[in-house]
Amino acid sequence: MALRPLVMCFALCVVYATSKPTDKKDRVHHDELLSNRDHDDAENFDYDHEAFLGQEEAKTFDQLTPEESKERLGMLVERIDEDKDGFVTVDEMKRWIKHAQKRWIYDDVDRQWTGHDLNGDGLVSWEEYKNATYGYILDDPDPEDGFSYRQMMSRDERRFQMADLDADTKANKEEFTAFLHPEEYDHMKDIVVLETMEDIDKNGDGFIDLDEYIGDMYNQEGDPSEPEWVKTERDQFTEFRDKNKDGKMDKDETRDWILPSDYDHADAEAKHLVYESDTDKDGRLTRAEIVDKYDLFVGSQATDFGEALARHDEF
């Protein structure tokens with residue numbers, strides 16, 4: 001069966017990923033920066049372009065004429081205005097920015113969708129996912145290293161059920177996205193925490209103690225000396241991770257560790273774009289207000305040429 005080598009490869013990757021690495025493993029889920037550019041509107045709007053469009057789409061706009069950029073931006077406004085009331089609010093702008101930044105996730109889901117929607121009904125049922133992912137591999141013996149295909153499948157089923165909001169055992173595109181990328185959805189955060197704890201909790205007591213915490217990210221391999229970062233992590237566990245000082249991390253403490261409340265870059269950028277474009281200062285944007293400030297939101301040949309001239313003048 002064609003899928004069997006794929007699952008075998010995936011299984012080996014999981015086994016490797018859950019073994020003790022010699023380098024530090026980072027379990028923390030951070031929000032990515034909206035752009036690697038400096039946010040200096042006095043210099044250029046490159047940061048805003050990449051934040052609003054995503055890096056790759058921003059490059060596409062740089063090749064358009066100003067008229068083409070305005071036209072395509074106007075079409076985007078229709079999509080950003082979710083309730084179709086003719087205005088773009090800060091919340092709508094924030095959700096759009098988050099969507100633009102996570103486009104790679106949706107591309108990944110699209111790639112996997114056709115391989116799992118076996119009957120072409122626009123939904124992926126648990127049975128379809130199970131058959132496409134595991135197939136006859138469950139008939140094979142488990143590897144000798146303790147990895148279990150059936151345990152892996154049970155874990156997937158539990159995650160699928162949490163993503164399946166209407167509990168019909170079928171996932172639409174959004175539910176399937178939550179299943180594949182649970183860290184991106186608030187209602188899936190509990191399963192992210194649970195799966196992390198199950199990976200690290202070797203003695204099965206439902207907690208993560210110091211030895212398990214360190215053992216997940218570092219393999220001593222007989223070397224009595226520890227890198228400085230391991231000593232730092234021991235201190236981090238004792239002083240900050242273990243908040244109630246009982247020598248172990250519970251579910252809430254693990255959540256605070258792997259899902260920290262980071263600075264909300266998308267919220268800050270959404271407020272910035274609305275503030276800079278809101279000519280009548282009513283706290284929301286019309287299509288005209290956005291298109292009038294098109295150079296803030298998107299690039300064009302004109303802005304790209306202008307930046308090239310500026311760079312030339314510097315030399």
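- Panel note: side chain Glu92, backbone Glu82; a donor-acceptor pair is recorded below 3.5 Å.
- Asp156 and Tyr134 are linked by a side-chain donor-acceptor pair at a separation below 3.5 angstrom, with hydrogens and angles left out of the test.
- A salt bridge links Glu50 to Arg37: one of the charged nitrogens lies within less than 4.0 Å of a carboxylate oxygen.
- In plain terms, the two heavy atoms of Phe52 and Trp96 that are nearest each other are O-NE1, 2.9 Å.
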Working for ring pair (Phe, Tyr, Trp, His ring centres under 6.0 Å), residues Tyr263 and His265 | CA-CA 6 Å; Tyr263 175 75; His265 298 280; 4.9 Å; yes
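- With hydrogens and angles left out, the side-chain atoms of Tyr185 and Glu174 include a donor and acceptor closer than 3.5 Å.
- Side-chain contact annotation: Glu226 with Tyr218, donor-acceptor N/O pair under 3.5 Å absent.
- Residue Leu296 comes nearest to Asp48 through the heavy atom pair O-CB, 3.3 Å, listed as atom of the first residue, atom of the second, then distance.
- Although no hydrogens or angles enter the test, the distance criterion places no donor-acceptor pair under 3.5 Å between the side chain of Gln63 and the main chain of Ser300.
- Partners of Glu184 according to the salt bridge (charged side-chain N to carboxylate O under 4.0 Å, His left out) rule, which considers only residues two or more places apart in sequence or in another chain, are Lys102.
- For the pair Glu175 (side chain) and Asn172 (backbone), a donor-acceptor distance under 3.5 Å is present.
- In terms of modelled atom types and a separation under 3.5 Å, the side chain of Thr254 and the main chain of Val193 share no donor-acceptor contact.
- Atom CG in Leu34 sits 4.5 Å away from atom CD in Gln101 (nearest 0.5 Å).
- Both Val28 and Ile214 are members of a single hydrophobic cluster when ILVMFWY side chains are connected at heavy-atom separations under 4.5 Å.
- Under the salt bridge (charged side-chain N to carboxylate O under 4.0 Å, His left out) criterion, Glu67 pairs with no residue, sequence neighbours left out.
- With salt bridges taken as basic N to acidic carboxylate O contacts below 4.0 Å, none links Asp209 and Lys248.
- Under the rule for a side chain to side chain contact (heavy atoms under 4.5 Å, CB included), the partners of Arg155 that lie at least two apart in sequence or sit in another chain are Arg158, Glu195, Glu198, Asp199.
- Taking a cutoff of 4.0 Å between a charged side-chain nitrogen and a carboxylate oxygen, Lys59 and Glu56 qualify as a salt bridge.
- Lys170 and Asp168 are not joined by a salt bridge, as no carboxylate oxygen comes within less than 4.0 angstrom of a charged side-chain nitrogen.
- For the residue pair Glu289 and Thr279, a side-chain donor N or O sits within less than 3.5 Å of a side-chain acceptor on the partner.
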Would Lys271 and Asp267 satisfy salt bridge (charged side-chain N to carboxylate O under 4.0 Å, His left out), going step by step from the backbone distance to the final call?
-> CA-CA 6 Å; Lys271 291 175 180 175; Asp267 183 66; 3.1 Å; yes
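- Side chain of Trp126 to backbone of Glu157: no donor-acceptor contact under 3.5 angstrom is found.
- Pro182 approaches Arg159 most closely through the heavy-atom pair CD-NH1, 3.5 Å.
- Atom NZ of Lys189 sits about 15.5 Å away from atom CG of Leu194, to the nearest 0.5 Å.
- By the side chain to side chain contact (heavy atoms under 4.5 Å, CB included) test, Asp40 pairs with Ala42, Glu43, sequence neighbours left out.
- The pair Asp256-Arg241 fails the salt-bridge criterion, with no side-chain N (NZ, NE, NH1 or NH2) lying under 4.0 Å from an Asp/Glu carboxylate O.
- In this structure, Asp242 contributes its side chain and Thr238 its backbone to no donor-acceptor pair below 3.5 Å.
- Between the Asp211 side chain and the Gly215 main chain, no donor and acceptor come within less than 3.5 Å of each other.
- In terms of modelled atom types and a separation under 3.5 Å, the side chain of Asp81 and the main chain of Asp85 share a donor-acceptor contact.
- In this model, a donor atom of one side chain and an acceptor atom of the other lie less than 3.5 Å apart for His181 and Asp108.
- A side-chain donor-acceptor contact under 3.5 Å links Asp117 to the backbone of Gly122.
- When all heavy atoms are compared, the tightest approach of Lys98 to Ala266 is CG-CB, 3.8 Å.
- Atom CE of Met162 sits about 5.5 Å away from atom CG of Asp190, to the nearest 0.5 Å.
- Expressed to the nearest 0.5 Å, how far CH2 of Trp104 lies from OH of Tyr106 amounts to 11.0 Å.
- Asp216 has no carboxylate O lying under 4.0 Å from a charged side-chain N of Lys202, or vice versa, which leaves the two without a salt bridge.
- No single ILVMFWY cluster, assembled from side-chain heavy atoms under 4.5 Å apart, contains both Leu285 and Phe87.
- When ring centroids are compared, Trp257 and His29 stay outside the 6.0 Å threshold.
- Ion pairing of Lys231 with Asp235 is absent here, as no side-chain N (NZ or NE/NH1/NH2) approaches a carboxylate O to less than 4.0 Å.
- When the side chain to side chain contact (heavy atoms under 4.5 Å, CB included) test is applied to Phe176, the partners found at least two apart in sequence or on another chain are Val109, Gln112, Trp113, His116, Val124, Tyr129, Ala171, Phe179, Leu180.
- Identified under the salt bridge (Lys or Arg N to Asp or Glu O under 4.0 Å) test for residues 70-79, with sequence neighbours left out: Glu57-Arg72, Glu78-Arg287.
- Side chain of His49 to backbone of Asp295: a donor-acceptor contact under 3.5 angstrom is found.
- Here the CD1-CD distance, from Ile97 to Glu269, works out to 5.0 Å after rounding to the nearest 0.5 Å.
- Between Lys281 and Asp278, no side-chain nitrogen of the basic residue sits less than 4.0 Å from a carboxylate oxygen of the acidic one, so the salt-bridge criterion is not met.
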